[in-house]
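To start, the structure itself, in structure tokens.
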Amino acid sequence: MAQPRVIIIGAGPAGVRCAETLLAAGVRPTVIDEGRKAGGQIYRRQPDNFTRPYAQLYGTEANKAQALHHSFDALRDHIDYQPESLAWNIADGKVHVVSGERTKALPFDALVICSGATDRLMPVKGWNLAGTYSLGASQIALKAQACAIGRKVVFMGTGPLLYLVASQYIKAGANVAAVLDTSPMGGRFSALPKLLARPSVLFNGLALVASIKRAGVLVLTGITPVEITGDADAGVQGVIVSDAIGCSHSFTCDAVAMGYHLRPETQLADLARCNFRFDAETRQWLPEVDVDGRSSTPGVYLAGDGMRVLGADAAEIGGRLAAMAVLKDFGLDVDVGTLQQLRAQRAQMERFRQGLTQAFPWPYQQAAQLPDEAIVCRCESITAGELRHTVREKGAQEANRAKALCRVGMGRCQGRYCGNAGAEIIAQAAGIPVEQVGRLRGQAPVKPLSMAVREETE
Amino acid sequence: MSQRFVRLAETERARVRIVIDGQMVGALAGDTLLVALLSHVRHVRESEFGDGKRSGFCLMGACQDCWVWTDSGERLRACTTVVEEGMHIITRQPEATWPNHA
């Protein structure tokens, strides 16, 4: 057959390894990257006129970051790389891509979606105040811009990223007021057998926590966030939490970094009409895929955290596996030994991920405790009380219906930051399991487009 | 003006000048517009829904909570825009607000 048209969306660890594997087999892909430079969020590159070395930017992951960047730099001239380009729709076998004020439709024979993930958030009263950021945001400020998000920062939420970013802040000389983890200590011990699937990653994690404590920063586990205090003008002024035995603790700060693991960016898979399934462990809806990343839609493949959040190492493997699936489906040869080895490596990472999910669970119970006056939708200032009213008084027990009636999920973030918690609030208010609430439909454009955007025609 | 973000390194870059609400300030080449603004002020916009000031949230172009206005009425997403000499940014909500009274 003629050279197949393969499009990869995303140039993080999954997208880069996918492109590399395809190119090595003689297939020249198009890579659509929303970023200015390849690397994705995890291995995001600093601007050209910054000088910090890899070790300072990426810590224990410096070698991996450097290797990925070098691989991409070697590929760049041999692929069709389109930076600063947003894939905003997928329809009729074409990806719609906007760059600047021009949009064009690119037809494909195979599409590999490596769309990555964003922070998963649980609202708390006051999280709309200026100075509250996602955990990912706090890391980007440091990694890509050499800034701290405030003079005194509280890290609150759960998951490995909480400790990673807090330790990076301390190391960079920022003032960290406290690390407040909603997960109880006990879960970590019971998760140990699974976490031992990746001993070196576990060791790095334990070393991070130790370094935070050594720096004299208070770490509390098993906490429940109560409120981010402050006012509409000045923004964040403090954080109040209650601890495992119900004692209240308050901290003065001018910034809060918040996050509860990640959620995959699945809107494009949705627009490509991939089937989804409910994952009871993480309480999220994920695209259905086979072991190599084939979705239910022929010709559409998924890899990396946008498929299932397994982290950067697994994303590199996932990108390679998806590329091999593409090649195989085009009738090209792939090395069976390599395929099996990659699958086995990822199975180890999957076991480790199960351990992380157990050690740092999504605190969905907090949705029930959220006071009525707390804002759920930051985009349009819609409260938990209004969402509950919509469920109880208007009978909206399904996510899209509740969205239609009260606009939680309708704002500019398109449900990225309220969707997970919104579903939990609906489930709790309706007294039904969260899987019955369903999931917010992906809508094109997946991010707002300017009115000035014009279609480019042949 | 008191700032929100704190620069921890990389401060030896070329200077550029921007204007925030009529006041000229310095920024560094390679800053995102969000960083340039928050190195001088504590917010970049006001919520159209009346709940107060905002300073961005995700820094990765996903939440759209750092949209700012230029003095010529152009709208920019501050976290994904690279600062340029002479940018003139307004941090006040230029249109009516629609407070939520529910």
Side-chain angles (χ1 to χ4, degrees), chain A residues 34 36 41 44 46-52 56 84 86 118-119 128-134 136-142 144-151 169 172-175 231-235 254-255 265 375 378-383 385-386 389 411-414 416-417 447-448 450, chain B residues 2-14 16 27-39 41-67 74-77 79-83 91 97-102:
Chain A
E34 204 183 343
R36 210 165 268 116
Q41 297 301 343
R44 186 190 264 256
Q46 59 187 358
D48 288 332
N49 60 338
F50 283 52
T51 57
R52 291 169 297 170
Q56 194 180 339
E84 294 187 78
L86 170 73
T118 58
D119 295 271
N128 51 304
L129 295 173
T132 306
Y133 292 94
S134 74
S138 66
Q139 194 185 38
I140 290 168
L142 181 60
Q145 294 278 289
C147 286
I149 56 169
R151 288 192 183 89
Y169 265 57
N175 184 357
D231 67 56
D233 258 3
D254 66 347
E265 279 279 286
I375 284 175
R378 297 176 81 259
C379 294
E380 301 195 4
S381 306
I382 301 161
T383 62
E386 288 173 86
H389 176 83
R412 287 172 194 149
C413 84
Q414 297 179 237
R416 287 177 174 86
Y417 294 102
K447 288 184 182 177
S450 161
Chain B
S2 74
Q3 88 268 23
R4 180 166 291 288
F5 280 5
V6 180
R7 294 191 193 275
L8 299 171
E10 304 283 0
T11 51
E12 301 301 311
R13 287 174 279 145
V16 295
L28 301 177
D31 279 354
T32 63
L33 178 56
L34 188 68
V35 162
L37 292 168
L38 292 176
S39 298
V41 294
R42 298 185 62 75
H43 70 279
V44 300
R45 63 187 286 267
E46 294 170 334
S47 164
E48 300 86 330
F49 297 87
D51 65 301
K53 294 178 173 171
R54 295 293 178 92
S55 57
F57 184 70
C58 79
L59 269 67
M60 58 175 91
C63 76
Q64 323 302 333
D65 199 22
C66 64
W67 285 5
E74 194 191 357
R75 202 181 57 202
L76 301 172
R77 186 170 64 194
C79 77
T80 53
T81 303
V82 179
V83 75
T91 69
T97 58
W98 310 286
N100 185 349
H101 298 298

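Since this is a predicted model, take the numbers as computed values, not measurements. Scope of the values below: all heavy atoms of this structure, side chains included, with no hydrogens, waters or symmetry mates.
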Exercise for review: Sort out for me which of B/E46, B/E48, B/H43 touches chain A most, counting heavy-atom pairs under 4.5 Å.
Suggested key: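 Heavy-atom pairs under 4.5 Å are most numerous for B/E48.
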
Practice item. Against chain A, work out which of B/S39, B/G50, B/A62, B/A29 has the most heavy-atom pairs shorter than 4.5 Å and name it. Key: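 Looking at each of B/S39, B/G50, B/A62, B/A29 in turn, B/A62 comes out on top.
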
What part of [X] is in contact with chain B, defined as an atom under 4.5 angstrom from a non-hydrogen atom: side chain, backbone, both or neither?
X: A/F50; answer: both
X: A/E84; answer: neither
X: A/R416; answer: side chain
X: A/L86; answer: neither

Point to revise | Exercise: identify the closest heavy-atom pair between A/L142 and B/L8 | key: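 Closest approach of A/L142 to B/L8: CD1-CD1, 3.8 Å.
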
Point to revise | Distance-minimising heavy-atom pair for B/C58 and A/S134 | key: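 Where B/C58 meets A/S134 most closely, the heavy atoms are CA-OG, 3.7 Å.
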
Measure distances from [X] to the heavy atoms of chain A and classify the residue's part below 4.5 Å as side chain, backbone, both or neither.
X: B/D51; result: both
X: B/W67; result: side chain
X: B/R75; result: neither
X: B/L28; result: neither
X: B/D31; result: both
X: B/S47; result: side chain
X: B/E12; result: neither

Which of the residues [options] is involved in the greatest number of heavy-atom pairs with chain B at under 4.5 angstrom?
options: A/A141, A/G136, A/G131; answer: A/G131
options: A/E34, A/R378, A/R44; answer: A/R378
options: A/T383, A/T118, A/T132, A/N175; answer: A/T132
options: A/P47, A/C147, A/S138; answer: A/C147
options: A/C379, A/G235, A/G173; answer: A/C379

Point to revise | B/R4 side-chain N/O to A/A255 backbone N/O, donor-acceptor pair under 3.5 Å | key: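 Not confirmed, B/R4 side chain does not pair with A/A255 backbone.
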
**Study point:** B/E10 side chain near A/Q145 side chain, heavy-atom distance below 4.5 Å
**Key:**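 They are not in side-chain contact.
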
Practice item. Could you please spell out the steps behind the side chain to side chain contact (heavy atoms under 4.5 Å, CB included) verdict for B/W98 and A/E380? Key: CA-CA 9 Å; B/W98 310 286; A/E380 301 195 4; over 6 Å; no

Exercise for review: Could you walk me through whether A/R36 and B/V82 pass side chain to side chain contact (heavy atoms under 4.5 Å, CB included), step by step?
Suggested key: CA-CA 10 Å; A/R36 210 165 268 116; B/V82 179; 3.4 Å; yes

Check your understanding: Hey, what's the ring geometry for A/Y133 with B/F5, parallel, tilted or perpendicular (30° and 60° as the breaks)?
Key ->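 Tilted, since the angle between the ring planes falls between 30° and 60°.
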
